[in-house]
Amino acid sequence: MRQWLSLATHLPEGRQTLIRDARLADPARCQRRVGQLLQQLYGRRHWPLFQERLGPLLSLFDTTDRLSVISESSTLLMLRLLGWRGQVVSGSDLPARSGRSLRFVDLAEACGARTYLCGTGGMRYLSVDGFTQQAIKVTAFRTPSSGAWASAREVSAVRALMALGPVALVQELSAVAAAQS
């Protein structure tokens, strides 16, 4: 069963609203929806570990209506479950030019990236010239079509985590990275 997990948002400046300024329309409702839907869909094999780590994320809905805080925290939850120990850098804290491609070039360069992994949607509009000038390779991410990734373009990474568990998912991710490099 596939189910969208969406959060109703309010964009104070309309489409021009920066991501950091987007707000949850009803944080209490979003909190209930996230907790209940995740348990309903994934409350099986690997649920105890996930549920334990989900508590602090759900508590954030009581203290903030900022979508960026919830999004960053949920991403970090997933990454930490997979053993990632990196550092988060906010793009708004880095100097960058405006314009999609130029901004991505500047952000990648500021983080010391040598490769920019771009999704298929972004590849339609990305100009690679700026990346080339900075010696940053642009690599198109291609979703594998087998294993845990058979329906990855249609569902969340949570599904793969809950189906495989953290250790097996890290192994799958490592295999994909090795095959694409």
Side-chain angles (χ1 to χ4, degrees), residues 5-7 9 11 13 15-24 49-50 53-54 56-57 60 64 66-181:
L5 175 57
S6 59
L7 303 176
T9 58
L11 304 177
E13 304 297 322
R15 291 180 56 89
Q16 299 303 315
T17 302
L18 298 175
I19 293 170
R20 69 175 177 229
D21 297 329
R23 301 288 192 241
L24 296 171
L49 172 65
F50 191 68
R53 304 277 178 88
L54 188 61
L57 174 67
L60 280 177
T64 187
R66 294 182 58 212
L67 181 62
S68 62
V69 171
I70 300 297
S71 297
E72 181 179 318
S73 297
S74 64
T75 300
L76 283 171
L77 167 65
M78 291 288 296
L79 289 169
R80 289 193 177 123
L81 278 168
L82 299 175
W84 182 77
R85 303 206 193 305
Q87 177 184 358
V88 172
V89 178
S90 176
S92 60
D93 294 337
L94 300 173
R97 294 171 282 181
S98 60
R100 290 178 179 175
S101 296
L102 293 175
R103 180 166 177 72
F104 292 145
V105 169
D106 292 345
L107 295 175
E109 185 177 29
C111 292
R114 296 295 90 204
T115 302
Y116 178 78
L117 184 63
C118 188
T120 54
M123 288 301 291
R124 288 192 288 266
Y125 66 78
L126 189 76
S127 171
V128 299
D129 296 342
F131 290 94
T132 303
Q133 291 171 2
Q134 299 302 323
I136 299 172
K137 178 182 174 187
V138 174
T139 301
F141 178 76
R142 305 275 186 246
T143 307
S145 59
S146 62
W149 313 107
S151 60
R153 294 186 63 157
E154 302 168 12
V155 295
S156 165
V158 174
R159 182 171 186 254
L161 174 69
M162 299 309 288
L164 299 173
V167 173
L169 182 55
V170 167
Q171 291 170 345
E172 288 245 3
L173 288 169
S174 297
V176 169
Q180 293 196 8
S181 58

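Fair warning: this is a prediction, and the values are worked out from it, not measured in the lab.
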Enquirer: About how many Å separate CZ of R100 and CG of L102, when rounded to the nearest 0.5 Å?
Expert: 12.5 Å

Enquirer: Are the side chains of W84 and L76 in contact, using a 4.5 Å heavy-atom criterion?
Expert: yes

Enquirer: In Å and rounded to the nearest 0.5 Å, what is the CG to CZ distance from L11 to R23?
Expert: 11.0 Å

Enquirer: For L169 and A160, work out which heavy atoms get closest and say how close.
Expert: CD1-CB, 3.8 Å

Enquirer: Hey, are the side chains of R114 and I136 touching, using non-hydrogen atoms and a 4.5 Å cut-off?
Expert: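 Yes; the side chains approach each other to less than 4.5 Å.
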
Enquirer: For residues F50 and V158, determine if any side-chain heavy atom of one lies less than 4.5 Å from a side-chain heavy atom of the other.
Expert: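 Touching, per the 4.5 Å side-chain cut-off.
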
Enquirer: Within the structure provided, determine whether Q171 and L164 are in side-chain contact (heavy-atom separation under 4.5 Å).
Expert: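 Q171 vs L164: side chains apart.
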
Enquirer: Which pair of non-hydrogen atoms, one from C118 and one from V138, has the smallest distance, and what is that distance?
Expert: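 For C118 and V138, the tightest heavy-atom pair comes out as CB-CG1, 4.5 Å.
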
Enquirer: If you compare all heavy atoms of S101 against all heavy atoms of S127, which two are closest, and at what distance to 0.1 Å?
Expert: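 Heavy atoms of S101 and S127 come nearest at OG-N, 2.8 Å.
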
Enquirer: Please identify each residue that fulfils side chain to side chain donor-acceptor pair (under 3.5 Å) with S174, with sequence neighbours left out.
Expert: none

Enquirer: Looking at L77, V167, L161, which hits side-chain contact (heavy atoms from CB on, under 4.5 Å) with L82?
Expert: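 The residue from L77, V167, L161 that satisfies side-chain contact (heavy atoms from CB on, under 4.5 Å) with L82 turns out to be L161.
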
Enquirer: Evaluate the side-chain proximity of V69 to S73: yes if any heavy-atom separation is below 4.5 Å, no if none is.
Expert: yes

Enquirer: For the side chain of T64 and the backbone of L60, is there at least one donor-acceptor N/O pair under 3.5 Å apart?
Expert: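 The answer is no, because no donor-acceptor pair under 3.5 Å joins these two groups.
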
Enquirer: Using a 4.5 Å cut-off on heavy atoms from C-beta on, say whether the side chain of L18 contacts that of S92.
Expert: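 With C-beta onward as the side chain, the pair stays apart.
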
Enquirer: Nearest 0.5 Å, please: how far is CZ in R53 from CG in L81?
Expert: 5.0 Å

Enquirer: Roughly how far, to the nearest 0.5 Å, is the CG atom of D129 from the CD atom of Q134?
Expert: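 Interatomic distance, Q134 CD to D129 CG, rounded to 0.5 Å: 12.0 Å.
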
Enquirer: May I ask you to check whether over 12 heavy atoms, not counting those of L94, lie within 6.0 Å of atom CG?
Expert: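 Yes, CG of L94 has more than 12 neighbouring heavy atoms, counting only those of other groups under 6.0 Å.
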
Enquirer: To the nearest 0.5 Å, what is the distance between CG on D21 and OG on S68?
Expert: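 Nearest 0.5 Å value for the CG-OG distance: 8.0 Å.
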
Enquirer: Is there a side-chain contact between V88 and E72 (heavy atoms, below 4.5 Å)?
Expert: yes

Enquirer: If you round to the nearest 0.5 Å, how far is CZ of R66 from CG of L24?
Expert: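 Result: 10.5 Å between the selected atoms.
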
